[in-house]
Every structure is written in C-alpha cells, then in structure tokens.
Novice: 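Just dropping this structure here.
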Amino acid sequence: MQCEAHLPFSFSGGIDSWASGVLFDVVNSDGNALRFANLGQDGQGAGWNAANSVFWQCTAARIENYQPPTAQNWALGTWAQFAGDGYWDMSNEHIQPRSLYYAQLKDRLDDNLTGRAILLPVESEASSSPKVDVAAALTRQSVNPAPTLYDFITAASTRQSIPTATNARSIEAIGLPKDQVQAKAAPMQIQQGRLVRGSVLLTGRRQEVPWWNGSARPYGLANAKPHITRFVPGMTGRGLTDNLDAMTDSMKADNIVAIDHNYGLWYDRRRDDHERIRRMDGEVWPPFYELPFARSGKETAWDGLSKYDLMKYNNWYWSRLKQFADLADQKGLALVHENYFQHNIIEAGAHYADFPWRPVNNINKTGFPEPVPYAGDKRIFMAEQFYDVSHPVRRALHRAYIRKCLDNFAANSGVIQLIGAEFTGPLHFVQFWIDTISEWEKETGKKVIVGLSTTKDVQDAILADAKRASVINLIDIRFWHYQANGTTYAPAGGQNLAPRQHARLVAPKKTSFEKVYQAVREYRQKFPEKAVTYAADNYDTMGWAVFMAGGAIPNIPAVSDPQFLADATQMQPIDLPQTPANQWAMGDEKTGYILYNESVNPIQLDLTRATGSFSVSYVNPKTGQLTKSNEVLKGGSVVSLKNQSGGPDVIWVKKGKGL
C-alpha cells in the first residue's frame, strides 16, 4: 500500500510460487517492473508467482499481468508499458476510489476512516480543457516540485502527533535486564593424549555441515542438517538460519559432540546447477552459505553481487562461529574448524566460478590467470597456484586469514584448528600454516589445539620435524587408512588431486576394526602426548576401535554411567596375556579396565599385579546401556571373562571400594 522504489535492481511482485490474493495498491516502481507472471526457473523454479492478485493505481516501467491456469490476475488504473493476458481496465487512467485497500477497509468497518486513510494528496485536477482561471492557477503551481512520498512520510509527526505527556516510565527508571552469565563446562584440553573436558573423555558423533544445496521451502527442511553459517533472511530453524542454542541442545540430545565446519562451496544456490557462467544479475537464491570474507561494495563479481575484499572479513560469519564456540564451551561440545576448503580449487570448474580468491571476484589482485584455464573447458586444477606462498599478495592474504582463524576463537577452549576440508595439499603449505600459528601463539601468549589433518606422507614429514611437531596437539587420520588386507592406502600430498580423484585411481579397499585400532595406537605410542582422531574409511562405525586404541572423540554411544568415561581417561591400551584375535583391552591398575571382545572365546585379563577387588559391568556397544554383574574379581591372578551377548561385548572392570 502506497509504496515507491526508485531505480530498483529488480522487479516487484510475487517472488515465490503462487502467492494468492496479493494487492499492490498505489505502488510506483520507478525504472523497473511490476510482475504477476510465470517466473519459470527463476526464484528457485518459482513458476507462477501470483494468482487472484491485483495491481491498483500503480505505475512502473513495465507491468506484466498474466492469467495463470485456473485463476485470474487484474491490473486496473495502471500506467506503464504493458504485457500479459490477465484482466486489464482503465490503463493509463486514474481510477476511483484512489485506494482499493481503504475502500475495502471502509466497507468492512462501515466507517468514514477519518484520520485512518493516510494517502499522499493529489491537490490538483488533471483537466484536458480547464477554464482560464484554472489554467492560471495550475501554471502558478507548476513552479514547485511535486510532493514526494518521502516528504509526506517525514511529515507524519505533524499530521498525527504522538502525545508525550504520559505517565510512562523511562528506560532509565526501568533499567535493562542484565545478561545472565552462563556457567562454562570444564575447558577442553589434552591430557596424556586424551581429549577431555575436566576429567571426562570427549566422545560422540561428529557432524559435518552441508557444502551447498538446500531449500528455504517447507518440503526441503525435513532432512536438513544443522549448520552454523547458513543464512536465510528472516527465517530461523533447521535448514534455515539455525538457532544455535537450540542446535547445541539438539546435539547433546543426539550424542553429537562436535561440528566439523568448513565454509560453503559457493554463496548463492544458483550455482547448484554447476554451470560456470557469469550471472546476469544479483538475484541470489537462499539458503545462503556465508563466506569468511566481506563484500567490498565495489564492482561486480561473477555472481552479480559486489566483489569481495579478502582483507576484510564477514562479521556475521565469524560472529556465528564465535557464538557456537561459546555455546560449545558452555555445554561441553567442540568445534572442528577447517580453515580452508580445497573443493573450490580442484575438480569441477563450477567450484571455482564464484570462489572469492578468483581475480574476477575480489579487489585484491590475487594473480590467478583469467580467463580461467578450465581443463577440457570443464575441470579446474588451481591447487598448486593457491598453495604457492611465494606469491607476495597471496602469501599476505593467507597469513592474515590464518591469523583471523585464530583471533576469532582466542577466548575459547573447545576449538580444534585443522588446515582444511578435503586437504591433499603439499608439505610446504602445511609448514607455512604451522609457522603462522606458531608465530601467533608466541605473539599472543595463547595456545590453541592444532590438528594435523593431511595425507600420510605430509603428516609423517611434519611429525619428524621436531620444531613444527611441537606445535601439533592432535593427529587426525583422515586421508589414508590401513586396509583389511594388510596394505596401506596412502595417496601422496601435493599431487593436485581431490580425495575422491585419488580413490578412483586406486580403488581403496575397506579397513577393519583391527586396522583402525592399529593406526590409532601406532601414533599414540609414538606420540603419547598428542591426541589422535580417526575420520577415514568407515569412521562412523569404528568408534570402539578408536576408543580402545586410546583415540580422541571416538564415536561411541553415551554410556549410562558417566563414571565410565571418567575412568577411561585414566586408562591406556594394554596387551592381553595371549594377544588373541578380536580382543582388546585398556586399563590402569588403580582405576580398572575396559575390555572389548568380538570373539566367542572368553577374554583373559591379567590382574597379577593388581590389588583389591573389582566389580564387573557389561556395556551394550550399540546403545551404551550398562548392566551390572554379580561377579567380583580379586587382584593377584589371571581371570577369565566370558562373552555374554554372543556379539561384541564391552566389559568394564572397575576397581572396587569396600567390596
């Protein structure tokens, strides 16, 4: 009702599917269109944008009024260039009443609407044959500009003043409620190679965020995954702009202990079509996957919005990550923060089309070739150039960005810094990344949890470098694994291939419980002060292998007795007397033992050096439900514990008090 837009960037009208009963009343789109039409693929495939809707007394550069199937649209008293087969009447004429909205309101309320119909007055008569005195009056009036809607709105306080002589209390008298200080969980830290909060081992599932895709429509939200930096203006909820407080509560309820977060593959969902073409306008589609860098407000990027400034950062993006990290510290969760996302610079060319570092998308002169040398006019191989820190501009941008990744979480303990999602890059870039972190830690006096998540050759080279290895707190096994047949799948870094491209060349074989245990325990034995996580082949089913090997963030169910995880932090993997197949153990003479038995044979536990009594409980490895046994074990002997369930058994042998 009574709206104006001057030189707008796009049309006004329905912007989604089949808006019904919409009234545009005294609306002026100065320089663009008003549309009731079939938008086709535009607007995420909106199709018909309006039905049974009305343009009344409107002006625009163009008015499109089409009739949708089974319905009608109307345009009455409109001034424009016209298009469409809807109902038209009194085009290029004024129509009475001036406002259809106020006429309907008067009919409904049976009221004269005095003081309620707030319309910009039209004070003169548009006569084609005025009398002489009328023409003279209109001539005198024509030296003044026409009244504007802006001025009319600005003068609202003189037409309808708001009384100020009231008994209302001022905000100073009322006061503002103080923010409640939320108690924090114990800080996340590494103790004896175990990732803990307080005295409790951190366990549970890790949740990756979507890289792209989604929908803001109801049917697209049912199976949406949580996300930290996904944004849908004005809409909150799963699949939209997530409520982070609700998200973290849901994580705890679902035994999700960490979000593994990387920035989005592209900002605008129009790129979901994987085309590499420049967009003709900035009519972007939500959900938006916000990126770390701020728009400059200058020039036009490939997606139709302004170019990025890689030296300025997207405050919303970083504040959301900080808010999540604060909630994680309150609720005992973790953020795995992937600094980079390699998917942009390898594989499909569309991955690179809107990438902020591409020269056509930023004002920073990053120096990559343009036009883009797409291999076969389709694929992209930009990793080697992206990781080349000898280029002075890119080196400075990388250094500033890495420091931003650290600055943002300087007050948080629950953040693990990894170099990047899908990272198969070269050793020299990992060295640069670690050196930048080391420099920041020395300057600030702060310490962060730095995870080494690379190919195995790069991982081992860093760990053999005493100076750089000292910066690493956590080893993440992600891009290699021991195969069940005893061989190792370990593609080399710096070969400019994505993980799945490597996999297509070699066709890796599956791993096994035994081999995951081996991989984690080898690193734990070699670097006992560092935590080890496993995110490689079948990681979501190998939680107990990681747990028994002394690994960090094992994906095991929440055990019904919290003392179980507290005891586990004191234990280290141990060898059983006869090291049988499919049986594993961890323990501490003062605390107790946890056994994992996949075989049908009894498991032998050596208590010859232990003293006192031990109680026995069985933990369901799928549900975490605990069942206490009546067995009491005595130190000083080797004891035999039978398999109770016929399947995998988790047996908790707890040092007793008063038994």
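Hydrogens, waters and symmetry mates are skipped; everything else that's a heavy atom, side chains included, is used. Small disclaimer: the values here were computed from a predicted structure and weren't measured.
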Novice: Are side-chain heavy atoms of F324 and I259 found at a separation under 4.5 Å?
Specialist: yes
Novice: So, the side chain of H398 versus the backbone of F386: is there a donor-acceptor pair under 3.5 Å, distance only?
Specialist: yes
Novice: Nearest 0.5 Å, what's the CD1-OH distance between I651 and Y618?
Specialist: 4.5 Å
Novice: Are the side chain of N408 and the backbone N or O of W318 linked by a donor-acceptor pair below 3.5 Å?
Specialist: yes
Novice: Sort out for me which residue in K225, R230, R320 forms a side-chain hydrogen bond (donor to acceptor under 3.5 Å, both in side chains) with D242.
Specialist: R230
Novice: Taking S560 for its side chain and L626 for its backbone only, find out whether a donor-acceptor pair lies under 3.5 Å.
Specialist: yes
Novice: In this structure, are over 12 heavy atoms from other groups packed under 6.0 Å from N485 atom CG?
Specialist: yes
Novice: Kindly compute the distance separating CE (M251) from CD1 (I256), expressed to the nearest 0.5 Å.
Specialist: 6.0 Å
Novice: Does R504 have any salt bridge (charged side-chain N to carboxylate O under 4.0 Å, His left out) partners at least two apart in sequence or in another chain, and if so, which?
Specialist: none
Novice: Tell me whether S637 contacts the main-chain N or O of V639 through its side chain, where contact means a donor paired with an acceptor under 3.5 Å.
Specialist: no
Novice: Hey, is D476 close enough to R478 for a salt bridge, meaning N to O under 4.0 Å?
Specialist: yes
Novice: With a 4.5 Å cut-off on side-chain heavy atoms, are W652 and D561 touching?
Specialist: yes
Novice: Kindly determine whether K515 and D537 satisfy salt bridge (charged side-chain N to carboxylate O under 4.0 Å, His left out), including the steps that lead there.
Specialist: CA-CA 11 Å; K515 292 304 178 182; D537 182 60; over 6 Å; no
Novice: Quick one: sort the Y523 and F527 rings into parallel, tilted or perpendicular, breaks at 30° and 60°.
Specialist: tilted
Novice: Is it true that a side-chain atom of T454 and a backbone atom of Q459 form a donor plus acceptor pair closer than 3.5 Å?
Specialist: yes
Novice: In the structure I gave you, are the side-chain heavy atoms of H351 and L265 within less than 4.5 Å of one another anywhere?
Specialist: yes
Novice: Checking Y596 side chain against P648 main chain: does a donor-acceptor pair fall under 3.5 Å?
Specialist: no
Novice: Got a second to check how far K442's NZ is from K447's NZ, nearest 0.5 Å?
Specialist: 8.5 Å
Novice: Keeping the roles fixed (side chain from N620, backbone from K622), state whether a donor-acceptor pair exists under 3.5 Å.
Specialist: yes
Novice: Can you tell whether the side chains of K322 and D407 come within less than 4.0 Å, N to carboxylate O?
Specialist: no
Novice: Given the rule in the ring-ring contact (aromatic ring centres under 6.0 Å, His included) test, do W480 and Y489 qualify, once you have shown the distances and angles that lead to the verdict?
Specialist: CA-CA 5 Å; W480 66 274; Y489 172 71; 9.8 Å; no
Novice: Verify whether one side chain among T424 and Q342 offers a donor that lies under 3.5 Å from an acceptor in the other.
Specialist: yes
Novice: List the steps, then state whether side chain to side chain contact (heavy atoms under 4.5 Å, CB included) holds for L418 with N339.
Specialist: CA-CA 6 Å; L418 300 186; N339 289 197; over 6 Å; no
Novice: Using a 4.5 Å cut-off on heavy atoms from C-beta on, say whether the side chain of L327 contacts that of L333.
Specialist: no
Novice: Is the shortest side-chain heavy-atom distance between L452 and V430 below 4.5 Å?
Specialist: yes
Novice: Under 4.5 Å between any side-chain heavy atoms of R197 and D329, yes or no?
Specialist: yes
Novice: Run through N601, N643, L595, L605 and flag the one making a side-chain contact (heavy atoms from CB on, under 4.5 Å) with Q583.
Specialist: N601
Novice: List the atom of P292, the atom of Y263, and the distance in Å for their closest heavy-atom pair.
Specialist: CG-CD2, 3.6 Å
Novice: Given the rule in the side chain to side chain contact (heavy atoms under 4.5 Å, CB included) test, do I190 and K530 qualify, once you have shown the distances and angles that lead to the verdict?
Specialist: CA-CA 7 Å; I190 295 173; K530 302 185 192 301; over 6 Å; no
Novice: Below 30° counts as parallel, above 60° as perpendicular, anything between as tilted: where do the rings of F293 and Y401 land?
Specialist: tilted
Novice: Would you sort out whether E443 and R403 count as a salt bridge (charged side-chain N to carboxylate O under 4.0 Å, His left out), showing the intermediate values?
Specialist: CA-CA 11 Å; E443 285 182 16; R403 292 175 69 93; 2.7 Å; yes
Novice: State whether K467 and D435 are salt-bridged, where the test is any N-O pair (Lys NZ or Arg NE/NH1/NH2 against Asp/Glu carboxylate O) under 4.0 Å.
Specialist: no
Novice: Just wondering, are more than 12 heavy atoms of other shown residues or ligands nearer than 6.0 Å to CG in N315?
Specialist: no
Novice: Decide whether T623 and Q625 meet the rule of one side-chain donor and one side-chain acceptor closer than 3.5 Å.
Specialist: no
Novice: Before we go on, tell me: are the rings of F547 and F564 under 6.0 Å apart, centre to centre?
Specialist: yes
Novice: Roughly how far, to the nearest 0.5 Å, is the CG atom of L565 from the CZ atom of R194?
Specialist: 10.0 Å
Novice: Just so I know, are the side chains of I437 and V448 near enough to count as touching, which here means a heavy-atom distance under 4.5 Å?
Specialist: yes
Novice: State the NZ-OG1 distance between K509 and T487, to the nearest 0.5 angstrom.
Specialist: 7.5 Å
Novice: In the structure I gave you, are the side-chain heavy atoms of L335 and I228 within less than 4.5 Å of one another anywhere?
Specialist: yes
Novice: Check for me whether the distance between the ring centres of W584 and F513 falls short of 6.0 Å.
Specialist: yes
Novice: Would R500 and E422 pass as an ion pair if we require N to O under 4.0 Å?
Specialist: no
Novice: Please evaluate residues S615 and V632 with respect to the criterion side chain to side chain contact (heavy atoms under 4.5 Å, CB included), reporting the C-alpha separation (whole Å), side-chain torsions for both, the decisive distance (0.1 Å), and the verdict.
Specialist: CA-CA 5 Å; S615 63; V632 177; 5.9 Å; no
Novice: Taking H261 for the side chain and H227 for the main chain, is one N or O donor matched with an acceptor at less than 3.5 Å?
Specialist: no
Novice: Would you call K655-D567 a salt bridge at under 4.0 Å N-O?
Specialist: no
Novice: Indicate the ring-plane relationship of F432 and F429, choosing parallel, tilted or perpendicular according to the 30° and 60° boundaries.
Specialist: tilted
Novice: Quick check: closest heavy atoms across A568 and I594, and the distance to 0.1 Å?
Specialist: CB-CD1, 4.0 Å
Novice: Can you check whether A224's main-chain N or O pairs, donor with acceptor, with R238's side chain at less than 3.5 Å?
Specialist: yes
Novice: For the atom pair CG (L474) and CD1 (I449), what is the distance rounded to the nearest 0.5 Å?
Specialist: 7.5 Å
Novice: Cut-off 3.5 Å, no hydrogens considered: what does the side-chain donor-acceptor table look like for residues 201-216, sequence neighbours left out?
Specialist:
residue, atom, partner, partner atom, Å
R205, NH2, D254, O, 3.3
R206, NH2, Y534, O, 2.6
S215, OG, R217, N, 3.1

Novice: Verify the neighbour count for atom CD of Q501: are there more than 12 heavy atoms of other residues, nucleotides or ligands below 6.0 Å?
Specialist: yes
Novice: For this output row, return yes or no: ring centroids of F409 and H337 closer than 6.0 angstrom.
Specialist: yes
Novice: List the steps and the verdict of side chain to side chain contact (heavy atoms under 4.5 Å, CB included) for L406 and Q417.
Specialist: CA-CA 8 Å; L406 303 170; Q417 299 280 2; 4.1 Å; yes
Novice: Is the backbone N or O of G414 less than 3.5 Å from a side-chain atom of N412, with the two atoms forming a donor-acceptor pair by type?
Specialist: no
Novice: Can a cation-pi geometry be assigned to K446 and W440, taking NZ or CZ under 6.0 Å from the six-membered ring centre and within 45° of the ring axis?
Specialist: no
Novice: Taking all non-hydrogen atoms of both residues into account, name the closest pair between Q572 and Q192 and its distance.
Specialist: NE2-O, 3.5 Å
